[in-house]
Every structure is written in structure tokens, then in C-alpha cells.
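Read through the structure below, which is laid out as C-alpha cells, and then see the notes.
Numbered from 1 within each chain, the chains take letters A, B, ... in sequence-line order. Keep in mind it's a predicted model, so treat the numbers as computed, not measured.
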Amino acid sequence: MKRQYITTPIYYVNARPHLGHAYTTIVADALNRFAALTGKQTFFLTGTDEHGDKIVKAAQAAGQTPGEYCDAISAAYQSLWPKLGVAPSAFIRTTDPAHALTVKAALQKVHDAGDIYFGEYGGHYCFGCERFYTEKELQGGVCPDHQTKPEYIAEKNYFFKMSKYQDRLARHIRENPDFIRPAQYRSEVLSILDSGVLEDLCISRPKSRLTWGIELPFDAGYVTYVWFDALLNYVSALGWPDGKNFADFWPSAQHLVAKDILKPHAIFWPTMLMALGLPLYNHLNVHGYWLSRDTKMSKSVGNVVDPEAMAEKYGLAGLRYFLLREMTFGSDASFSEQSLTARFNADLANDLGNLLSRTLTMVHKYCGGAVPAAGEPEAEERAIIELASDALENFHALFGALQFSRALESLWELIRALNKYIDAQAPWTLFKEGRTAKLGLALYTVLEAARKAVVHLVPVMPEAAGAMLVQLGFGPLPKDYDLTDEIGSWGFLPAGASVAASSNQFPRIDATPGAMPEKPAKTAKPCPAAPAPAPCPAPSPAAAQTPAQPATETEGCPEIEFADFQRLDLRVGTVVAAAKVAGADKLLEVLIDIGEGSPRTVVAGIAEFHDPDALVGRQVAMLANLKPRKLRGVVSRGMILAVRREGGLELLSPANPVPSGAKIS
RNA sequence: GGCGAGGUAGCUCAGUCGGUUAGAGCAUGCGGCUCAUAUCCGCAGUGUCGGGGGUUCAAUUCCCUCCCUCGCUACCA
């Protein structure tokens with residue numbers, strides 16, 4: 001079984017998530033989905049880094065304990081990911097007790113091996129800042145913040161013998177050209193390694209100065225500082241040393257980071273792995289910054305972009321597509337709502353959205369809404385089939401090599417060619433002239449080629465691509481579906497499948513200043529009532545399906561498409577724990593296992609009728625992809641389904657036990 | 001200062017292991033179609049490929065040098 005383990009950095013909880021965090025994590029998510037769709041077993045890790053000086057200070061400033069503060073910011077990250085369509089396999093926190101045990105075990109191991117020593121660390125210490133300054137950081141010999149002269153103090157600390165592994169690391173990087181990519185960062189690291197002897201890494205802080213950290217196993221007077229704590233998350237999340245996930249996934253590890261943490265990941269971490277006797281990761285993938293108004297985003301400049309607001313304003317698909325399409329992986333790129341709008345309108349609305357819209361309309365007008373029989377391809381169709389095959393082959397090669405921009409561009413070559421093909425074939429003329437065989441052939445060619453393009457957008461925009469596949473009559477992806485089967489093949493779209501009457505997947509965004517772009521609609525319009533003539537070649541009776549009926553209404557709710565139903569992630573979960581929410585009469589905080597690794601927290605308004613203790617072990621139906629929401633300070637991720645009756649509230653449960661997380665359909 | 005990356009059409013970028021008229025998308029102008037989300041298709045461009053020098057029959061692509069931007073690192077050779 002081929003596998004892929006991909007990680008983002010764990011994000012430091014001294015600030016709320018911004019676009020940079022979102023980019024890294026969305027890239028990881030897209031790569032993870034792509035791997036899963038190409039037959040790999042995957043593990044995707046993200047999390048939060050929560051120890052250190054700055055956290056203690058930030059917590060104090062917020063009037064909280066470090067623990068409370070970390071919980072709050074970590075929750076902000078955890079609840080952001082589903083809003084960005086990101087679905088990690090696990091979320092690690094450095095304050096997780098299991099992580100602390102791993103870090104201690106690793107420190108002990110490296111200490112036993114003789115690669116950690118006790119030494120003196122001297123520097124200019126500013127008591128106001130509670131930190132050391134190097135000579136060059138001091139301006140005119142005084143602290144830049146406090147304008148006071150720092151005191152030179154010597155402090156005993158523990159050091160990791162990084163220099164011992166310097167040559168071995170340099171050799172490894174030379175022998176494995178893909179170890180650090182893109183190549184510009186590889187040469188940067190080699191240049192650091194070649195330019196002199198590495199300084200050993202200071203890995204501790206005395207408890208007299210810092211207690212918010214993991215205690216050294218060999219000296220209770222110290223906590224470990226920064227990198228031994230943070231970097232080890234990549235193996236502790238897999239259950240190192242004995243976890244099955246570690247054995248399964250570590251050999252396929254690759255990390256994704258922004259360029260600011262190149263050195264820790266390219267130098268500290270591999271040498272730590274060497275000291276631990278562990279194999280190195282396969283790839284370190286390094287990306288650049290998103291610039292806003294031509295400079296790096298920063299709070300003081302006030303140009304920080306909020307990813308959640310962008311997702312709400314432009315839709316998930318638009319945001320994720322833009323991020324992957326606009327940045328050349330490795331280089332910096334500029335973010336602006338103007339370029340996002342331009343990209344959205346040109347690529348998604350005009351090219352792709354309109355392609356689907358015009359095609360589906362024609363299938364309904366000319367073919368009764370069913371996928372026509374393919375027929376025998378002629379020269380023009382063979383050209384499209386070949387182009388599709390080339391485009392997809394390129395896409396696979398480029399996407400896997402992190403060249404998302406070029407990968408998507410090659411997909412768009414196909415999409416643009418389809419618009420051109422439609423113009424050349426002019427189905428409206430074929431229809432008028434009664435040339436039904438060619439008409440069916442032309443529309444089938446467009447539908448099938450569009451499907452092949454859209455299916456490759458699933459990793460980029462899972463939800464929107466899924467909806468488009470349904471509109472195209474292909475429906476949700478089969479369980480054992482493998483994207484690689486799309487290269488060099490043709491005709492997966494079954495004739496006779498009914499297609500949506502229309503598609504308004506990516507409505508153009510009004511670019512006029514001040515206009516508030518609407519969130520793109522994600523549902524298909526209802527079918528028009530008028531049944532169209534059906535001159536297209538009839539599909540084989542076995543494949544024929546009932547054409548969509550005109551919209552009707554049921555008890556006040558408008559009739560919906562099957563695709564609408566599919567947007568609901570309904571599952572059966574098992575209650576692991578339940579407790580009353582403090583200060584609320586009706587709310588229970590319920591932990592529900594839905595087979596995700598860690599149980600979900602759901603806040604449910606059922607406390608009036610249900611005793612928390614009686615709920616444990618019970619299976620309940622829940623809506624799992626409801627937008628997370630904070631209720632009474634608790635983030636609720638989902639809702640429990642229930643029926644209200646007089647004097648009570650019945651929870652929905654399966655009549656017989658089912659696996660936790662079983663999908664309701 | 002050293003090291004690394006980059007400087008290609010108005011914008012965002014691709015590309016050239018040296019070789020006929022240097023590409024794409026967006027934006028701009030003109031024309032066409034009507035199935036479509038005022039969408040789509042066609043045509044039209046423009047560029048001393050950062051400056052200068054060198055090697056070569058031939059350089060945007062190789063070498064040298066200078067300028068500018070970004071990053072890392074440092075005053076130690």
C-alpha cells in the first residue's frame with residue numbers, strides 16, 4: 001500500500017490564524033486529498049505550538065492562565081480548518097500530555113547517546129523583555145524596546161550537539177536533490193552548511209525564568225525550549241516510538257513550511273532525527289509569503305488578511321483556487337481582493353462556470369436532459385480526447401511536484417479548448433439542421449471532457465467540484481475511484497445519466513468598488529418545467545433514467561436536488577461523554593465519536609430531557625458538517641438530530657448498533 | 001561585506017541544456033456567434049528578455065562586471 005504522510009507546521013498560538021497559515025494548510029489539504037484520490041493511504045497532521053515565553057506574556061495580557069489562553073487560540077485554529085475545507089487526520093497540541101511524554105523520551109534518548117551537554121550561555125539580558133539580545137540587536141548598546149542597558153549574564157543551559165551531524169546532513173542533501181524543494185531553498189541550506197561550523201543548539205531554559213514548558217527528564221530545574229518541543233510533534237502525533245501509525249507513515253513523511261522556518265526544518269530537525277537514530281523525512285517543501293499591499297503581512301502595518309473573511313466573501317472554492325493558482329510555489333506572491341476577483345471571474349466564472357452552464361442548458365434543450373450516447377469520435381473529437389489526456393498527464397506530474405499553478409493552468413488549457421470546440425461545432429446549428437448523431441457526439445465529448453477536468457479539481461475545491469460532478473451526471477466519486485485512471489481513458493460518463501438543468505456554480509463577482517460580492521451559489525437551479533424535444537440518439541434502455549421533474553413544493557420547503565442532500569454530512573456517532581454546560585439550562589456538552597480519531601464536541605440543547613450520564617454509550621444521529629459555532633464559550637462542531645414532541649425530545653438512533661461515524665444516506 | 005534567489009509584453013508569470021518571426025493568462029482595440037453566468041470564439045498588437053563588456057557563425061539563454069529587489073548571514077577570514 002502506497003502511503004503519504006504530510007504535515008503543516010504547528011502554529012504558534014501567540015496570534016490568530018492569518019492567510020499564511022491558511023495557505024500552508026490548504027496546500028497540505030489539497031496534496032492530501034490528491035494522494036488519497038490516487039490510491040494512497042494518507043495521514044495529514046496539523047496543530048498548535050503552545051509553550052514558551054511569549055505565550056505566558058500574551059496570557060497575562062489577556063488576564064488568563066497560559067492554559068486557558070492556549071485553549072482559546074488553539075480552538076480558533078481547530079475551528080477554522082473546516083471552514084476552509086481542510087480536513088486533517090489529526091490535530092496535535094504541544095500541551096497534549098502524550099506529546100510531553102514523547103518529548104521527554106526523545107530528550108532522554110539523545111542525552112543517553114551523549115549528544116546533549118551542559119554548557120554556559122552568556123548574553124545581554126534585558127529584564128524588561130525577559131530575553132537575551134545579540135550585540136547586533138542592541139542599538140547603541142541599549143535594548144531597542146526599553147532603551148535600557150541590558151545586563152551581561154551567563155546562564156547554564158543544555159545544548160544539542162548539532163555540529164556533530166553537519167557533514168552527514170550536507171551529504172544527505174547533496175545525494176537527495178529533492179530533499180529540500182524548490183531548489184532555491186536547497187542551495188540556501190547548503191550554503192549555510194558549507195559556510196562554517198554550525199553552532200550547537202541551546203535547548204533549555206531554567207525554570208527560574210520559564211516554567212511554561214516540558215521539563216527535562218534529566219534535570220528538573222529546566223524546561224525544554226522551542227525546537228525539541230515543537231519539531232518532535234511530527235513523530236509524537238504518529239505515536240513514536242511504538243505506534244502503528246509511526247511504522248506505517250513515517251517512511252513517507254513530507255513537511256510543508258513557509259520560508260521563515262526553513263532553517264529549523266532543514267537543519268535542526270534532520271540532525272535531531274539523526275541523533276535519535278531515525279530515518280529522515282522525504283521532502284521539505286518550502287513556500288514563500290503572501291504579500292499584502294507589496295509587503296509582508298504584519299499587525300503593525302495593518303495589512304493582515306483574514307482567511308475566514310475571504311472564504312465567506314468569495315466562497316471556499318474561489319479562495320482555494322486562487323491561492324493555489326496564483327502563487328508559484330516557493331516564491332512570494334501578492335494577495336489582493338482585486339486579483340482574487342479577476343482570477344475568479346476569468347477562470348471560474350467565464351471559463352469553467354459558463355462552460356458548464358452552456359453545456360447543461362444545451363443537453364436539456366436538445367437531448368431531454370440525459371447524457372447522449374457517445375457515438376464514434378471524428379477528427380475534432382479525437383483531438384479533444386488527446387488534448388484531455390495530455391492535460392491530465394501534465395496535471396498529475398505537476399501537482400505531485402507542487403507546481404499547482406502550472407498544474408491548474410494545464411487543466412484550463414483543456415477547459416478553454418472545450419469552449420472553443422463548442423463554438424466550432426455549433427450544436428445549435430446541428431440541432432436546427434437535424435444532425436442528431438453529430439449533435440449527440442459533440443455534447444457527449446464536452447460533457448465527458450469537462451467531467452475529466454472537474455474531477456481533477458476535487459483536491460482543490462472538494463465541495464464545488466463534487467457539486468459539478470453531480471450536475472454533469474457523474475454523481476459522487478465511487479469508493480475505489482482512482483484519479484490516475486483518467487489519464488489515457490475515455491467514456492467513464494455513462495450515456496443516459498440525467499444532468500442538472502443548469503449550473504450557476506461560479507456567478508461572476510461584481511468588481512465595482514464597494515460592491516459586496518455575493519457568496520457563489522452552490523446549488524443547481526430547479527429544472528424548468530418545459531420538457532424539451534429529444535432528438536439525440538437514444539441511450540440504451542438499461543442506462544436510461546427518469547428525467548428530472550418540474551419543481552414542486554413539499555410542506556413549505558422547496559424541493560431540492562439530490563446534490564443538495566449530499567451537502568449534508570449526516571452520521572451516526574457514539575456518545576463518549578456528556579456534561580452540562582455551566583451556566584446554561586438547556587445545553588449539554590457532548591463528546592461524540594464519529595470515527596475521526598478524536599471525538600467531536602457538540603453542544604446540544606437537550607439538557608431539559610436528557611441526563612448526561614444516561615447518554616454515554618448511546619448512538620445518535622448527527623449533522624457533522626454544520627458550521628462550527630461557539631455556544632456559551634464551547635465550540636460545537638455539529639448538531640444532534642432529534643424530534644420534539646409534547647413534553648419531551650426524542651433523539652434519533654439506529655435500531656441496531658452501527659460503527660461510529662457511519663454515514664446516513 | 002559574504003552567500004542564495006530574482007530582474008522577460010501595461011499587470012501576473014512561463015520558457016530558452018545557444019539557433020528560423022521570444023510565449024500564456026489578464027487588461028486594451030476591432031470583428032463574429034447566440035447554447036451560455038454582459039459569457040464564448042477569432043484577429044491585432046506592443047517587448048533594446050535589468051545595463052555594459054566578452055566568447056561564438058549565432059546569446060534573452062554561457063562567462064565577466066555593474067545596477068536594482070528580496071531573503072539568509074556577518075564584520076571574521
Side-chain angles (χ1 to χ4, degrees), chain A residues 134-137 180 182-199 258-264 266-267 286-289 291 294-296 322 325-336 338-367 394 398 403-413 415-432 439 442-443 446-447 450 500-512 517-518 520-521 524-525 532:
Chain A
T134 59
E135 304 232 357
K136 78 162 180 180
E137 283 176 313
I180 300 168
Q184 70 229 51
Y185 296 106
R186 174 178 182 265
S187 20
E188 197 170 319
V189 171
L190 278 174
S191 121
I192 296 173
L193 291 175
D194 293 343
S195 66
V197 178
L198 288 180
E199 278 187 33
K259 63 183 184 181
D260 56 336
I261 46 175
L262 173 64
K263 199 170 162 182
I267 297 179
V286 188
H287 67 79
Y289 294 140
L291 308 178
D294 289 329
T295 50
K296 194 184 165 185
F322 175 82
R325 175 65 183 79
E326 196 78 359
M327 176 178 265
T328 301
F329 191 87
S331 310
D332 293 352
S334 293
F335 182 92
S336 71
Q338 204 179 5
S339 54
L340 172 50
T341 303
R343 186 56 85 183
F344 183 97
N345 282 342
D347 296 358
L348 297 181
N350 295 353
D351 288 350
L352 177 58
N354 185 50
L355 172 66
L356 254 69
S357 171
R358 65 197 302 212
T359 305
L360 298 186
T361 303
M362 286 191 283
V363 172
H364 271 263
K365 275 196 173 172
Y366 307 147
C367 304
N394 286 338
L398 293 165
Q403 311 246 358
F404 310 110
S405 181
R406 294 174 63 195
L408 289 167
E409 173 62 25
S410 75
L411 223 50
W412 253 256
E413 278 171 26
I415 289 165
R416 287 188 212 108
L418 292 178
N419 276 321
K420 192 168 177 170
Y421 170 84
I422 291 175
D423 267 45
Q425 299 311 309
W428 46 95
T429 306
L430 296 173
F431 178 70
K432 274 184 212 147
L439 175 59
L443 290 179
V446 176
L447 286 168
S502 63
S503 170
N504 58 344
Q505 192 56 227
F506 303 112
R508 278 181 66 87
I509 296 168
D510 185 355
T512 52
E518 285 176 35
K525 283 182 203 157

| task | Round to a whole Å and report the spacing from CZ of F322(A) to P of U12(B). | result | 12 Å
| said: Tell me the interatomic distance from M327(A), atom CE, to U12(B), atom C1', rounded to whole angstroms. | reply: 13 Å
| field | Spacing of I422(A) atom CD1 relative to G32(B) atom P, expressed in whole Å | value | 22 Å
| said: Within the 4.0 Å heavy-atom criterion, would you say D351(A) contacts the bases, only the backbone, or no part of the nucleic acid? | reply: sugar-phosphate
| said: For a quick test of reading the model, state the closest non-hydrogen atom pair linking A258(A) to V286(A) and the distance between them. | reply: C-CG1, 4.2 Å
| query | Which heavy-atom pair separates W428(A) from D423(A) by the least distance, and what is that distance? | reply | CH2-CA, 4.3 Å
| query | N354(A) near the nucleic acid: base, sugar-phosphate alone, or nothing, with a heavy-atom cut-off under 4.0 Å? | reply | base
| request: Check whether any side-chain N or O of N350(A) sits under 4.0 Å from OP1 or OP2 of C40(B), and answer yes or no. | output: yes
| When rounded to the nearest Å, what value does the distance between C1' atoms of G45(B) and C33(B) take? | 24 Å
| field | U34(B) to G23(B) separation - C1' atoms, rounded to the nearest Å | value | 32 Å
| query | For A342(A) and L352(A), take the nucleotide of RNA chain B holding the closest heavy atom to each; which residue's nucleotide lies nearer the 5' end? | reply | A342(A)
| field | Same-atom distance (P) from C76(B) to A14(B), integer angstrom | value | 39 Å
| said: Whole angstroms only, please: what is the CZ-P distance between F404(A) and G25(B)? | reply: 23 Å
| query | What integer number of Å spans the P atoms of C17(B) and U60(B)? | reply | 15 Å
| request: Among U37(B), G42(B), C35(B), find the nucleotide with the atom closest to the side chain of K420(A). | output: G42(B)
| said: At less than 4.0 Å, is any side-chain N or O atom of K259(A) found next to OP1 or OP2 of A5(B)? Yes or no. | reply: no
| query | Within this structure, what is the CD-to-P distance between E413(A) and G25(B), rounded to whole angstrom? | reply | 9 Å
| said: If I pick the P atom on G25(B) and the same atom on U21(B), what distance separates them, to the nearest angstrom? | reply: 22 Å
| said: Using heavy-atom distances to pick each residue's nearest nucleotide on RNA chain B, tell me which of L348(A) and E409(A) is more 5'. | reply: E409(A)
| Rounded P spacing from G50(B) to C43(B) in Å | 29 Å
| field | Nearest to side-chain heavy atoms of R416(A), which nucleotide of G25(B), C3(B), G71(B) | value | G25(B)
| Whole-Å distance separating the CZ atom of F344(A) from the P atom of C26(B) | 16 Å
| request: Within residues 355-362 of chain A, find the residues that approach RNA chain B with a heavy atom at under 4.0 Å, and present them sorted by residue number. | output: S357(A), R358(A), T361(A), M362(A)
| query | When the distance from CG of N345(A) to P of A36(B) is rounded to whole Å, what number comes out? | reply | 20 Å
| request: List the atom of L340(A), the atom of F335(A), and the distance in Å for their closest heavy-atom pair. | output: CD2-CZ, 4.1 Å
| query | Hey, is the side chain of K263(A) poking within less than 4.0 Å of OP1 or OP2 on C72(B), counting only N and O atoms? | reply | no
| Looking at the side chain of T328(A), which of C13(B), A5(B), A36(B) is the nearest nucleotide? | C13(B)
| Rounded to whole angstrom units, what separation is found between the CG atom of L430(A) and the C1' atom of U34(B)? | 14 Å
| query | Any side-chain heavy-atom pair from L360(A) and L447(A) closer than 4.5 angstrom? | reply | yes
| task | Taking only the side-chain heavy atoms of F506(A) (C-beta and beyond), determine which of U37(B), A36(B), G25(B) contains the nearest atom. | result | U37(B)
| query | Between R406(A) and G15(B), does any side-chain N or O lie under 4.0 Å from OP1 or OP2? | reply | yes
| request: With pairs defined as Watson-Crick or G-U wobble and both distances under 3.5 angstrom, please note down RNA chain B as a dot-bracket string, | for pairing with another strand. | output: (((((((..((((.....[...)))).(((((.......))))).....(((((..]....))))))))))))....
| In terms of the angle between their ring planes, are F431(A) and Y366(A) parallel, tilted or perpendicular, with boundaries placed at 30° and 60°? | parallel
| task | Identify which nucleotide among C72(B), C40(B), C70(B) has an atom closest to any side-chain atom of I192(A), counting heavy atoms from C-beta outward. | result | C72(B)
| request: Using the P atoms only, state how far A9(B) lies from U48(B), rounded to an integer number of Å. | output: 7 Å
| query | Roughly how far apart, to the nearest Å, are G7(B) and U61(B) at atom C1'? | reply | 15 Å
